[in-house]
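Input: a single structure, listed below in structure tokens.
Because the structure is predicted, anything quoted here is derived from the model rather than measured. Count residues from 1 along the sequence. Note that these values count all heavy atoms, side chains included, but never hydrogens, waters or copies made by symmetry.
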Amino acid sequence: MIKKNQIRERLNKAIKESGMPQTESANNSGKIQPSISQYFSGRSMPSIETFANICAVLDLDANKILCLDQFNRDIKITENTVNGEIKK
């Protein structure tokens with residue numbers, strides 16, 4: 001199961017690793033700097049629209065941040081397993 005805290009941690013890490021300054025991130029995503037600061041610190045989560053804009057501006061993989069890579073992998077493992085044994 002995907003938890004909000006996992007998404008927050010991944011978003012925070014991705015924003016920091018992007019190397020883009022907060023002011024530039026704010027200008028490019030249409031948000032004010034204090035809002036972006038909240039996302040950079042992990043204290044707040046953006047709306048879905050802002051999240052999409054941040055991903056676009058910072059060239060982030062939204063699926064990875066939303067833990068969908070992990071979720072899809074878990075689903076495939078579950079689909080390929082019957083009673084703990086891998087189907088062939």
Side-chain angles (χ1 to χ4, degrees):
M1 174 143 302
I2 299 168
K3 303 287 185 187
K4 186 176 180 179
N5 196 44
Q6 290 173 293
I7 295 170
R8 178 181 288 119
E9 288 172 7
R10 286 186 179 203
L11 178 61
N12 187 344
K13 182 179 177 187
I15 288 172
K16 287 179 180 178
E17 289 177 353
S18 76
M20 187 178 289
Q22 290 183 25
T23 304
E24 188 177 346
S25 298
N27 292 339
N28 292 338
S29 64
K31 297 303 288 182
I32 58 173
Q33 196 280 330
S35 294
I36 294 294
S37 178
Q38 293 281 322
Y39 312 145
F40 269 74
S41 70
R43 290 188 306 261
S44 179
M45 291 286 287
S47 69
I48 193 68
E49 180 181 349
T50 300
F51 173 75
N53 288 328
I54 289 171
C55 287
V57 166
L58 299 178
D59 193 28
L60 303 177
D61 181 350
N63 288 330
K64 184 174 180 181
I65 293 170
L66 293 173
C67 305
L68 295 179
D69 57 335
Q70 174 185 337
F71 180 76
N72 289 335
R73 186 177 54 248
D74 291 348
I75 292 296
K76 287 178 185 172
I77 290 170
T78 301
E79 288 174 349
N80 292 325
T81 306
V82 176
N83 298 327
E85 297 194 21
I86 297 176
K87 293 191 297 187
K88 296 189 181 200

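Distance check, rounded to the nearest 0.5 Å: CD of Q22 to CD of Q38 gives 10.0 Å. Atom CZ of R8 sits about 13.5 Å away from atom CD1 of I65, to the nearest 0.5 Å. In this structure, CG in L60 is found 9.0 Å from CE in M20, a value given to the nearest 0.5 Å. With rounding to the nearest 0.5 Å, the separation of NZ in K13 from CZ in R10 is 8.5 Å. With rounding to the nearest 0.5 Å, the separation of CG in N27 from CD in E24 is 8.0 Å.
Counting heavy atoms from C-beta outward, Y39 and I15 have side chains that approach closer than 4.5 Å. Annotation: side chain of L68 is not in contact with side chain of K64 (no heavy-atom distance under 4.5 Å).
Heavy-atom minimum distance, Q6 versus C67: CB-SG, 3.6 Å. Smallest separation of non-hydrogen atoms from L58 and S18: CD2-OG, 3.7 Å.
Of the possible polar contacts, one joining the S41 side chain to the S37 backbone as a donor-acceptor pair under 3.5 Å is found.
Remark: I32 pairs with P34, S35 by the side chain to side chain contact (heavy atoms under 4.5 Å, CB included) rule, at least two apart or across chains.
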Donor-acceptor list for residues 44-57 side chains, cut-off 3.5 Å, not counting sequence neighbours:
| residue | atom | partner | partner atom | Å |
| --- | --- | --- | --- | --- |
| S47 | OG | T50 | N | 3.1 |
| S47 | OG | T50 | OG1 | 3.1 |
| N53 | ND2 | E49 | O | 3.3 |

(message) Determine whether K31 and S25 satisfy the following criterion, side chain to side chain contact (heavy atoms under 4.5 Å, CB included), listing intermediate values before the conclusion.
(response) CA-CA 8 Å; K31 297 303 288 182; S25 298; over 6 Å; no
